[in-house]
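See below for the structure under consideration.
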Amino acid sequence: MTLKKVLHAGLDALPECRTIAYVDMPSGLVLASASLTPVRQEALDKLAVAAATLLESPALAGMGCGAPGGARPVAMIGRGKACLFLRALSFPEHALCYMCDETALGADLHDRIARHRDAVAAAI
Amino acid sequence: MTSQGDIGDFIERARRRLAETGPERLAGQDLSERLRALVAEIDATVLPRNLIYALQDGLSCTLTVASRRLMRISVSSPEGHQVIEAEPGTGREEELLVMAEALAGLAAIEEPLILVRHALAEEMAADDVGQAVGDLQAFCAAHDWFAVPPDAAGEAGAEAPMAASSGAVHWCEIDTQGVVLATGGTPDLTGDALVALARERAGWPRDLGQLAGDDCVVLVQGDGARAVALHLAEGRTRVTVGDDLSIDAMLAVARDGGAK
């Protein structure tokens, strides 16, 4: 399965998510994405920058929770919306980004995101 | 036009309904459960209300709540009425302590407390801000007043960590230099860690939080029960460290007071 296909499959497995992106953090490039509705490239680029900022943050790594985005996603939660960032398994400098509703957050969503990350690793 | 007969029918139906359901009472088997129930009642009250908890001997305690903030606590008895408050001139920390202790005192009453809600008859003063429910939650959690009873610990452990709502929580608010502006409890973060966070955050994209929208909180969780939340406000960051708290509880503590 191609990377793009597995991201689209992620939208089926994670109906709470509107957009999934796979990004290269050092370059800030969005390598692939899938979305329920068209998303402007500018928004995807900001997602990539946010992933790099949070997952590569030394300050967050020093907060006693381990490396950000390793075991559990780092969440950026606003009123009504949330972005979740996970470090990719096959390439640690890559990241998976999920945009969903704030109300969807919880252990069940995180477990399914972890399974999707496994599927992405298998596809690459 | 309403007749006396119609009014009489209405009152009789209300009496029958109350007889069937019984008056509303403060829920909880022990102090921590009743304290949770009190704080939850405050959390659920947006419109200005007096929440009156009554005992059977004419004693009652009134929580004046508006916009999920506890504005005032007062006690009434056949002998008179008294507002529970800190000494004049003391700071908000002392006011929070007095209110939290009063709530705990109410929760410690073991006999049933009947709850009656009334709309406020008077306007609140413009500068009367009370105590936010998040600050009350943080205070009680920091002092382990929400501690899960030993016999419920197994059930809590079987839940996914993010579903648990017990646990200690501490927070501090820092400025752009990492200087601590306010605290709630004692987060186990060194001054160097806070300075490093402030300096790093100064280099983050200014529109970082806009992806998620207003009142953005960054939440980091490890393998265990520990979680750290950063409320990204203009010129300051509220750092909240929680142990085995739900996402909702972490967000409530991280946001309430951080955006003042």
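This is a predicted model, so every value here is computed, not measured.
Only the backbone of A:Pro73 comes within less than 4.5 Å of a heavy atom in chain B; its side chain stays farther off. The part of B:Leu230 that comes within reach of chain A is its side chain, from C-beta onward, which places non-hydrogen atoms under 4.5 angstrom from that chain. Only the side chain of B:Leu251 comes within contact range of chain A, with at least one heavy atom under 4.5 Å from a heavy atom of that chain. Contact annotation for B:Ala198: neither backbone nor side-chain heavy atoms come within less than 4.5 Å of a heavy atom of chain A. Only the backbone of A:Ala43 has a heavy atom closer than 4.5 Å to any heavy atom of chain B. Contacts between A:Val74 and chain B at a heavy-atom distance below 4.5 Å involve backbone atoms as well as side-chain atoms.
Closest approach of A:Thr53 to B:Glu200, counting heavy atoms only: O-OE2, 4.5 Å.
Atom CD in A:Glu102 sits 9.0 Å away from atom CG in B:Asp215 (nearest 0.5 Å). Summarising the geometry, atom CE belonging to A:Met76 is positioned 10.0 Å from atom CD belonging to B:Gln210; distances are rounded to the nearest 0.5 Å. Here the CG-CZ distance, from A:Leu60 to B:Arg201, works out to 11.5 Å after rounding to the nearest 0.5 Å.
Here A:Gly78 is the residue among A:Gly78, A:Gly80, A:Ala50, A:Cys83 with the most heavy-atom pairs under 4.5 Å with chain B. For the set A:Ser57, A:Gly66, A:Ala67, the count of heavy-atom pairs under 4.5 angstrom toward chain B peaks at A:Ser57. Chain B forms the most heavy-atom pairs under 4.5 Å with one residue out of A:Ala59, A:Pro58, A:Cys65, A:Gly62, and that residue is A:Cys65.
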For this session: Evaluate side-chain contact (heavy atoms from CB on, under 4.5 Å) for A:Ile77 paired with B:Arg255, printing each intermediate quantity in order.
Result: CA-CA 11 Å; A:Ile77 307 167; B:Arg255 285 175 172 153; 4.0 Å; yes

Exercise. Does the pair B:Val220 and A:Leu54 meet the rule for a side-chain contact (heavy atoms from CB on, under 4.5 Å), with working shown?
Worked result: CA-CA 9 Å; B:Val220 184; A:Leu54 298 178; over 6 Å; no

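Annotation for A:Gln41: atom CD counts as buried by contact number, over 12 foreign heavy atoms lying within 6.0 Å.
Here the side chain of B:Gln221 pairs no donor or acceptor atom with the backbone of A:Arg72 at under 3.5 angstrom.
Note on B:Asp214 versus A:Arg79: no salt bridge recorded, every NZ/NE/NH1/NH2 to OD/OE distance being 4.0 Å or above.
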